[in-house]
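The block underneath contains the structure these notes are about, expressed in structure tokens.
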Amino acid sequence: MPTDKPGAEFGSCCERLKDALTNEDFEPLFAVDEAGVLYMSVGLIDAEGEDEANMVDHPVYFCPFCGTKLQTEEEVEAKLNAEAA
Ligand SMILES: [Zn+2]
């Protein structure tokens, strides 16, 4: 398995998170973006004039399954700033 696959870094704490990130049988509500930040979808917004609802994402700081600290607010900001630069 290639280690540069998105999500590989974040699936290392427990099998459940790994499953949620790599399982192809369902659409996970977790996603790692291009910057390497792990996000979780927390809801839907009905955008006016659009047919599809938009997902509302929020960075995940702790694994929701085992409680392992996955990233800090500072790390998320640094990644996003690096991506924007
Ligand atoms: Zn975990």
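Counting convention: from 1, in listed order, for ligands and their atoms alike.
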* To do: Under 4.5 Å between side-chain heavy atoms, chaining through other members, with only Ile, Leu, Val, Met, Phe, Trp and Tyr counted: pull out the rest of the cluster around Leu44, sorted by chain and number.
  => Leu29, Met55

* Asked: By the rule that ILVMFWY residues connect when side-chain heavy atoms come within less than 4.5 angstrom, directly or transitively, which residues belong alongside Tyr61?
  ->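 Its cluster partners, ordered by chain and number, are Val37, Tyr39, Phe62, Val76, Leu80.
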
* Sequence neighbours left out, what passes side chain to side chain donor-acceptor pair (under 3.5 Å) with Ser41? Give chain and number order. => Asp57

* Check the pair Leu70 / Leu17 against side chain to side chain contact (heavy atoms under 4.5 Å, CB included), numbers first and verdict last. => CA-CA 11 Å; Leu70 299 172; Leu17 182 61; 3.9 Å; yes

* Asked: What's within reach of the Zn ion (ligand 1), meaning protein N/O/S atoms under 2.8 Å?
  ->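 The answer, once waters are left aside, is Cys13 SG, Cys14 SG, Cys63 SG, Cys66 SG.
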
* Same cluster or not: are Ile45 and Val42 linked, directly or through other Ile, Leu, Val, Met, Phe, Trp or Tyr residues, by side-chain heavy atoms under 4.5 angstrom apart? ->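 Ile45 and Val42: one cluster.
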
* Verdict with reasoning, Phe10 to Lys18, per side chain to side chain contact (heavy atoms under 4.5 Å, CB included) -> CA-CA 7 Å; Phe10 290 112; Lys18 192 174 174 183; over 6 Å; no

